[in-house]
Amino acid sequence: MSTSEYVWFGAGLLVLVAATMAVASVAGVGLGWTPLSALARATVQLSVVALLLRGILSVPETVGAFLLLMAATASWTASGRLRDLWHGRRAAVTGVVAGAAVSLTAIFALHLVALQVRFLVAVAGIIIGNAMSAATLAGRNFLRAAGHRRDEVEAWLSLGATPSRANLEIGQEAVRESLLPNLDQTRSTGLVTLPGAFVGALFGGASPAEAAQFQLVVLAGIALAMTICGVVVTRMLGRTPYVVATARD
C-alpha cells in the first residue's frame, strides 16, 4: 500500500469509530472514548503481531515461543477476570492451557489441518482466544449461580456432601451457559454469519470448499477447547464450600 492508501485507510477507520461514539453518546450508553482507545490499542497490538509473524514465518523454529506468548497472554487475561474467586487465577490458567492443548493436539494429530507454521499459528490463535473466553464466562456464570443457589449448596453440605458434589450442578449449568453463544453461532454458520476463518481462508486463496472445511475444523476445535476449559474451571472453583463468601464482587 502506498502512503496515500494508508492515510485513506486510517481516515476510514476513524470515521467508523466516530460514528460508534456518536451513536453511543446520543443513546446515553456512556462509552466515552473507549471505542477509540480500544481501536488504538488493537492497532498497536496487530502491528506488533504482524512484525512477529513475518519473522516467525521466515524462521519456523520460533513458532513455539509465539504460541507460548499467546497462551500466557490469554491465561493472564482470564485469570484477571477470576482473581476474586477462590483459586480463580489457577483455575483460569489451568482451564485455558488444558482446553487449548487438547484441542490443538487432536486437530493436528487427526490431520484435519496440515501441520504447517501458518496453519498452526492461525488455528492456535482462534482456539486459545476462545478458551480464554470460556474460562471467563464459565467462572463468572459459576459465581452468579452459586450466589443464587447458596441455600442449595448449604443443604448439600449439611448432609455431608463434599464441596465438589455440592457445587457440581452449579458448575454444569455454568459450563452449559458459557457454551450456548458458540453453539448458536455454529448452528447459524453459513446462513446468518460467515465466520472469520472461512472469510480469511477465501482471502488467502483457498477454494470455497477448502475454506468451508477449514471453518468446520475450527468450529469443532473451539467447541472442544471451550468445553474442556469450562469443565476444568468450574470443577476447580467448586472445591470450596465458600464460593460466594470468598468473592469480593
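For clarity, every value in this text was computed on a predicted model and none was experimentally measured.
In terms of hydrophobic clustering, with Ile, Leu, Val, Met, Phe, Trp and Tyr side chains grouped at heavy-atom distances under 4.5 Å, L115 and V113 are assigned to a common cluster. L216 and F119 end up in different hydrophobic clusters when Ile, Leu, Val, Met, Phe, Trp and Tyr side chains are linked at under 4.5 Å. Neither V102 nor I107 shares a network with the other; the hydrophobic side chains, linked directly or stepwise wherever heavy atoms of I, L, V, M, F, W or Y lie under 4.5 Å apart, form separate groups for each. V96 and L68 are assigned to two separate hydrophobic clusters, defined by single-linkage of ILVMFWY side chains at heavy-atom distances under 4.5 Å. In this structure, M226 is a member of the same hydrophobic cluster as V231, with clusters built from ILVMFWY side-chain heavy atoms closer than 4.5 Å.
In this structure, the side chains of I228 and S103 stay at 4.5 Å or more apart for every pair of heavy atoms. Contact of the H87 side chain with the M236 side chain is not registered, since no non-hydrogen atoms from C-beta on lie closer than 4.5 Å. A heavy-atom distance below 4.5 Å is found between the side chains of L168 and Q172. The side-chain heavy atoms of R140 and L82, taken from C-beta on, include a pair separated by under 4.5 Å. In this structure, F214 and V123 have side chains that are in contact, with non-hydrogen atoms separated by less than 4.5 Å. Side-chain contact between L120 and F108 is present, with heavy atoms from C-beta onward closer than 4.5 Å.
Counted by atom type alone, Q45 and R41 present one or more donor-acceptor pairs between their side chains at under 3.5 Å.
Rounding to the nearest 0.5 Å places CD1 of I222 at 4.0 Å from CG of N130. The CD1 atom of I170 sits 12.0 Å away from the CG atom of N141 when rounded to the nearest 0.5 Å. In this structure, CG in L46 is found 9.0 Å from CG in L39, a value given to the nearest 0.5 Å. Within the model, atoms CG of L179 and OG1 of T186 stand 10.0 Å from one another, a figure rounded to the nearest 0.5 Å. For the atom pair CE of M132 and CH2 of W76, the computed distance is 14.5 Å after rounding to the nearest 0.5 Å. Put simply, SG on C229 and CG on L224 are 11.0 Å apart, with the number rounded to the nearest 0.5 Å.
A174 and T234 get closest at one heavy-atom pair: CB-CG2, 4.1 Å. The heavy-atom pair separating S178 from L137 by the smallest distance is CB-CB, 3.6 Å. In terms of heavy-atom proximity, I127 sits nearest to A100 at CG2-CA, 3.9 Å. Heavy-atom minimum distance, S79 versus V93: CB-CG2, 4.3 Å.
Listed for the S75 side chain is no donor-acceptor partner under 3.5 Å among the backbone atoms of A72.
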From CA spacing to verdict: side chain to side chain contact (heavy atoms under 4.5 Å, CB included), T94, V233: CA-CA 7 Å; T94 305; V233 168; over 6 Å; no
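R89 CZ: more than 12 foreign heavy atoms inside a 6.0 Å radius.
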Got a list of side-chain donor-acceptor pairs under 3.5 Å for residues 21-36, not counting sequence neighbours?
residue : atom : partner : partner atom : Å
T34     : OG1  : L31     : O            : 2.8

